[in-house]
Amino acid sequence: MKLALVQLNPTVGDVKGNTRKILKGVARAKASQAEFVIFPELVLVGYPPRDLLYREEMLVAVERALAEEIALASQGIGILVGAPIREGDKLFNAALLFAEGKLVGRQDKTLLPSYDVFDETRYFKPAARRQSLVFRGEVLGLTVCEDIWNDKDYWQRPIYEVDPVAELNAQGATLLINISASPYHYGKRRLRADMLAYIARKYRRPLVYVNQAGGNDELIFDGSSICLNATGKIIWEGKPFEEDFTVVDITAPAVGKDPSEVAEDISDVYSALILGIRDYFRKTGFQKAVVGLSGGIDSSVVAALAAAALGPENVLGVGMPSRYSSPESLRDAEELAHNLGIGWRVIPIEEIFTAYLKTLNPDGLPLIDVAEENIQARIRGNILMFISNREGHLVLSTGNKSELAVGYCTLYGDMSGGLAVLADVPKTMVYELARYINRERELIPQSVLLKPPSAELRPNQRDEDSLPPYRVLDPILKAYLEENLPVREIAARGFEQALVEEVIRRVDRAEYKRRQAAPGLRVTSKAFGMGRRMPIAWRQSW
């Protein structure tokens, strides 16, 4: 059977626009003489729809689109599409099979994740049963996203008691199909390919996996759809981080590549962030960005990413030097703007800063304390927000995950913005991104990569005056945030226990800042925001 796999980038809530995308995919599949066309999970509403699923008008629009447009388009072709389906007061995350103008099969999602960024038990009910479907001589084992992530042999410790794939195989499925909206994090593409190949080999069945692409708020979906033969070899792999389409014949002999050949490196993080920025702007209606350029590594990387995502003509860099800013930093910022071809503007903050000092210091003498450091960051934040209000630019904040983790950032200052591009990128990875950005020519001045990191808010300031070296800090943060390890196990990796305790104390204490931060793009396995839900007011007593 010739299958068309359509890897789409839907917009959450845009039922009409997503339907048009689906119908274009169906038309293309028909033109390619495909017999069956497959779309991602919840493609009709986009993922994650969150509390839009409580909106009656959206669910009515879904029902109308399925009955009046998608069903009618299934004349002469099978269509497998993901959509929310109501039964009385219950809602299901369903894979729907249409053919010859009507619904001929349905399989609801069984395993509803409620960990990390997922919250599906809030909205959906699990499938009551798993039932294979017969279509054009094939026995289809249909699953939805999480349903395929519970193989007891692959994971050793499965999360759920039910394994939908095993049940469908026992019913004689000849083709395994999974429709997904599986968000990206670094390492996910290779892990996913390995796991899917294992399942194909285990059951000796061809396996088709169709994933959503695109950015929706904090989440980035990499696509990377896969078709594997019964030996677990990849006979087709969808493009990462963009829409894609192919037609495959699962009955034709094919020599595929091994899943271990799926490459993943810093270029994936770069592509993910580009996609996340571009879609955030496109789907919220913004066109132009403004970035405060300090001459440091973080703002340089953000500006480079924004220029690549939006076009340099849509990015404005603003230098805002104070008495503590070095001439070299301002020069580096200007050179960066020139290299990228973005707009460049200099607005000195010295007069404003001096006015603050005179007003807030009763004796007129500056104290050079944290309050005065933070005032500078807040002045800069206000200037950027003024430009945003006046000229319609969205402010991109530039703080990285390491800083955000330990609270080395200023509320209503450098945290101001509509999108935190590097909020899930550790400082050491920021440098990797900078080197990747410079892979063909020097866009970020080399001096930016060589200078010691500094906020330049007081004389001769360095980040390491307040923080451990990032090469030490980042592994501790990864162990605590992503691996969820306790102090003793982190210290056992070669770190001083007192240092580990201090880092964790700072992470926990800074939760109130992160709660007020702009949404950040997720690229690691545990990001701040919707994937890490911690209380602000709490006390450890264990």
Check your understanding: Going by atom types alone, do N374 and T410 pair a side-chain donor with an acceptor below 3.5 Å?
Key -> yes
Exercise for review: Identify, with sequence neighbours excluded, every residue that meets side-chain contact (heavy atoms from CB on, under 4.5 Å) alongside K283.
Suggested key: N9, T11, N216, D279
Point to revise | Interatomic spacing from CG in L450 to CG in D332 - rounded to 0.5 Å | key: 10.0 Å
**Study point:** Side chain to side chain, I277 and L521, heavy atoms closer than 4.5 Å
**Key:** yes
Review point. Under 4.5 Å between any side-chain heavy atoms of P183 and V117, yes or no?
Key: yes
Review point. Counting only N and O atoms by type, is there a donor-acceptor contact under 3.5 Å from the side chain of D298 to the main-chain atoms of N400?
Key: no
Practice item. Only one of R533, K188, R522, R532 passes salt bridge (charged side-chain N to carboxylate O under 4.0 Å, His left out) with D116; say which it is. Key: R522
Check your understanding: For T19, which of V43, L44, V62 qualifies under side chain to side chain contact (heavy atoms under 4.5 Å, CB included)?
Key -> L44
Check your understanding: How about T524 and D424: does a side-chain donor come under 3.5 Å of a side-chain acceptor?
Key -> yes
Review point. Nearest 0.5 Å, what's the CD-CG distance between E313 and L316?
Key: 13.0 Å
**Study point:** Side chain proximity check, L273 to V425, heavy atoms < 4.5 angstrom
**Key:** yes
Check your understanding: So with a 6.0 Å cut-off around CG of N460, is the heavy-atom count from everything else above 12?
Key -> no
Review point. Any donor-acceptor pair under 3.5 Å linking the side chain of Q497 with the backbone of R488?
Key: no
Check your understanding: Do any N or O atoms from the side chain of S300 and from the backbone of G296 form a donor-acceptor pair under 3.5 angstrom?
Key -> yes
Check your understanding: Please walk me through it: do K288 and E391 pass salt bridge (Lys or Arg N to Asp or Glu O under 4.0 Å)?
Key -> CA-CA 9 Å; K288 295 182 180 292; E391 302 176 36; over 6 Å; no
Exercise for review: Nearest 0.5 Å please: distance from the CD atom of Q461 over to the CD1 atom of I368.
Suggested key: 11.0 Å
**Study point:** R435 and L449, any side-chain heavy atoms less than 4.5 Å apart
**Key:** yes
Exercise for review: May I ask you to test the V507-Y480 pair for a side-chain heavy-atom distance under 4.5 Å?
Suggested key: yes
Point to revise | Check: E501 and E496 side chains under 4.5 Å, non-hydrogen atoms | key: no
Practice item. Applying salt bridge (Lys or Arg N to Asp or Glu O under 4.0 Å), run through R20 and D14 and close with a yes or a no. Key: CA-CA 10 Å; R20 287 193 294 270; D14 186 10; 5.0 Å; no
Check your understanding: Donor-acceptor pair, K239 side chain versus D244 backbone, under 3.5 Å?
Key -> no
**Study point:** Inter-residue atom distance I349.CD1 - I383.CD1, 0.5 Å rounding
**Key:** 6.5 Å
Point to revise | Step-by-step side-chain hydrogen bond (donor to acceptor under 3.5 Å, both in side chains) determination, E237 to S225 | key: CA-CA 6 Å; E237 183 181 7; S225 301; over 6 Å; no
Check your understanding: Taking the side chain from R282 and the backbone from Q287, do they hold a donor-acceptor pair closer than 3.5 Å?
Key -> no
Review point. Is a side-chain donor or acceptor of N18 paired with a backbone partner of P10 at a separation under 3.5 angstrom?
Key: no
Point to revise | D474 (side chain) donor-acceptor with T428 (main chain) under 3.5 angstrom | key: yes
Review point. D508 versus W538: any side-chain heavy-atom pair under 4.5 Å?
Key: yes
Check your understanding: Ignoring hydrogens and geometry, is there a side-chain-to-backbone donor-acceptor pair from E243 to L8 under 3.5 Å?
Key -> no
Exercise for review: Would you mind reporting whether I504 and V487 have side-chain heavy atoms less than 4.5 Å apart?
Suggested key: yes
Study note, to complete from the structure: On a heavy-atom basis, the closest approach of N178 and C145 is ND2-N, 3.1 Å
Practice item. Quick one: list whatever passes ring-ring contact (aromatic ring centres under 6.0 Å, His included) with F245, sequence neighbours left out. Key: none
Review point. So, does N438 use its side chain to make a donor-acceptor pair with the main chain of L443 at under 3.5 Å?
Key: yes
Practice item. Applying side-chain hydrogen bond (donor to acceptor under 3.5 Å, both in side chains), name anything that partners Q516, two or more places apart in sequence or on another chain. Key: Y412
**Study point:** Verdict with reasoning, E464 to R462, per salt bridge (Lys or Arg N to Asp or Glu O under 4.0 Å)
**Key:** CA-CA 5 Å; E464 289 189 15; R462 298 288 184 269; over 6 Å; no
Review point. Between CZ of F386 and NE2 of H393, what distance do you get to the nearest 0.5 Å?
Key: 13.0 Å
Review point. Counting distance only, does the side-chain N/O of R514 pair as donor-acceptor with the main-chain N or O of L404 below 3.5 Å?
Key: yes
Study note, to complete from the structure: ring-ring contact (aromatic ring centres under 6.0 Å, His included) filter on Y54, not counting sequence neighbours, yields Y123
Review point. Sequence neighbours excluded, which residues qualify as side-chain hydrogen bond (donor to acceptor under 3.5 Å, both in side chains) partners of D268?
Key: R189
Check your understanding: In chain order, what residues pass the side-chain hydrogen bond (donor to acceptor under 3.5 Å, both in side chains) check against Y280, with sequence neighbours excluded?
Key -> none
Study note, to complete from the structure: Sorted by chain and residue number, the side-chain contact (heavy atoms from CB on, under 4.5 Å) partners of R278 (sequence neighbours excluded) come out as I274, A309
Point to revise | Partner set under side-chain contact (heavy atoms from CB on, under 4.5 Å) for A304, not counting sequence neighbours | key: L340, I437
Review point. Any salt bridge (charged side-chain N to carboxylate O under 4.0 Å, His left out) pairs touching residues 368-382, not counting sequence neighbours?
Key: E373-R458
Exercise for review: Quick one: do Y470 and D463 satisfy side-chain hydrogen bond (donor to acceptor under 3.5 Å, both in side chains)? Show the steps, please.
Suggested key: CA-CA 9 Å; Y470 288 110; D463 287 6; 2.7 Å; yes
Point to revise | Results of side-chain contact (heavy atoms from CB on, under 4.5 Å) for I266 - residues two or more places apart only | key: V269, M429, E432, L433, Y436
Review point. What's the verdict on side-chain hydrogen bond (donor to acceptor under 3.5 Å, both in side chains) for S294 and E456, showing C-alpha distance, side-chain angles and the deciding distance?
Key: CA-CA 9 Å; S294 66; E456 292 193 334; over 6 Å; no
**Study point:** E334 side, atom CD; N339 side, atom CG - distance, nearest 0.5 Å
**Key:** 10.5 Å
Review point. How about R50: does its CZ atom have over 12 heavy atoms from other parts shown lying under 6.0 Å from it?
Key: no
**Study point:** Residue pair E41, S180: steps toward the side-chain hydrogen bond (donor to acceptor under 3.5 Å, both in side chains) verdict
**Key:** CA-CA 5 Å; E41 174 187 16; S180 276; 5.1 Å; no
Point to revise | Within residues 347-365 or reaching into it, pairs that qualify as salt bridge (charged side-chain N to carboxylate O under 4.0 Å, His left out) - sequence neighbours excluded | key: R323-E350
Point to revise | Set of ring-ring contact (aromatic ring centres under 6.0 Å, His included) partners for F241, sequence neighbours left out | key: Y184
